Amino acid sequence: MNCLVVSATVQEIKPFIQHLHSTNKLDFIDLQIDFLVTGVGSVNSTYSLMKHLQVKKPDVVVMAGIAGAFSPKLKLGAVVAVKQEAMADLGVMEKDGYKDVFDLKLLPANQFPYKQKKLVNPFTGLLERTSLPLVSSITVNQITAAKKTAELYQKKYKAAIENMEGAALHLVCIKENIPFVQIRSISNYVGERNKKKWMLKESVEALNKELIRFVESL
Ligand SMILES: O=C(O)c1cccc(C(=O)CC[C@H]2O[C@@H](n3cnc4c(=O)[nH]cnc43)[C@H](O)[C@@H]2O)c1
């Protein structure tokens, strides 16, 4: 089995890479792992993923990264799997409020690969296999720093977390019919721009613990 592990930055999967170098577990199982560090954001991740898929078709793609949470109900360092993504900031801010591409009728809400405006992971077996809480996520180009925007997104998309690459993974893998899963660890709360409050080290540690457990279970 070929597994592609994808992240926006190398820092997010460094402990996983170090673990692979220090274990001989993979010598005894049929699992080959490739890494892809895409750079931050949907444009970078779409390009990198498509470029990789042109030369190699993995049996499973695992995106691993940190994320912001909308509610303190999700604790910093908690690890979740994403069941669906929405592209939250693709639209227009008008006098009477925010309209996304679906509100603007530029995209039909159920046009493949969208289902009710969302990019839903159809590989439910893989999601269950993570044994992680399943959440709804939004993907943004700009980290949401304003409380008002955070409230707008949370209300409109009923999202628990936000990140900057997930929708690209969902769109590419659904369209290419490649099994995938997205695992995220909570590093900060959305709307809070003080990076000193981000629990980077702890969230990366928690993320990698789950990533190792999941990949070794494949
Ligand atoms: O500075 C570091 O040491 C460091 C270590 C690991 C990761 C980073 C990043 O900057 C990762 C950027 C990545 O994180 C996602 N993210 C995290 N929080 C949010 C958020 O509140 N809103 C949107 N995205 C978030 C995002 O996917 C970025 O690609 C730094």
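Counting convention: from 1, in listed order, for ligands and their atoms alike. Small disclaimer: the values here were computed from a predicted structure and weren't measured. The residues of the chain are indexed from 1 along the displayed sequence. All heavy atoms count here, side chains included; hydrogens, waters and symmetry mates do not.
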Starting from [atom], which protein heavy atom do you reach first, and at what distance in Å?
atom                    : result
atom 13 (C) of ligand 1 : E12 OE2, 3.9 Å
atom 15 (C) of ligand 1 : I66 O, 3.2 Å
atom 25 (C) of ligand 1 : E162 O, 4.0 Å
atom 28 (C) of ligand 1 : E165 OE2, 3.6 Å

Enter the distance from [X]:[atom1] to [Y]:[atom2] here, rounded to the nearest 0.5 Å.
X    : Y    : atom1 : atom2 : value
K83  : H170 : NZ    : NE2   : 11.0 Å
F16  : H21  : CZ    : NE2   : 10.5 Å
L134 : L132 : CG    : CG    : 8.0 Å
E12  : I183 : CD    : CD1   : 12.5 Å

Taken in chain and number order and not counting sequence neighbours, the residues that satisfy side chain to side chain donor-acceptor pair (under 3.5 Å) with N141 are D89
Subset of ligand 1 atoms that lie under 4.0 Å from at least one heavy atom of [X]:
X    : value
W198 : 17 (C), 18 (N), 19 (C)
V40  : 29 (O)
Q11  : 5 (C), 6 (C)
A8   : 29 (O)
N188 : 17 (C), 18 (N), 19 (C), 20 (C), 21 (O)
R184 : 27 (O)
G68  : 18 (N), 19 (C), 20 (C), 21 (O)

Y189-F70 aromatic ring centre distance below 6.0 Å = no
Examine the proximity of ligand 1 to L200 and report which part, side chain or backbone, both or neither, has a heavy atom under 4.0 Å away.
-> side chain
Taking heavy atoms and a distance under 4.0 Å, where does S187 meet ligand 1: side chain, backbone, both or neither?
-> side chain
Look only at the side chain of N121 and the backbone of F180, and say whether a donor-acceptor pair between them is shorter than 3.5 Å.
-> yes
Verify, without hydrogens or angle tests, whether D103 (side chain) and D100 (backbone) share a donor-acceptor contact under 3.5 angstrom.
-> yes
If you take all heavy atoms of A64 and L207, which pair is closest and at what distance?
-> C-CD2, 4.0 Å
Write down the atom of G191, the atom of K147, and the distance for their closest heavy-atom approach.
-> O-NZ, 4.0 Å
Mark the output for G65 as yes if a heavy-atom distance to ligand 1 is under 4.0 Å, and as no if none is.
-> no
Min heavy-atom dist K195 to ligand 1 below 4.0 Å = yes
For ligand 1, find out whether one of its N or O atoms is nearer than 3.5 Å to an N or O atom of G41.
-> no
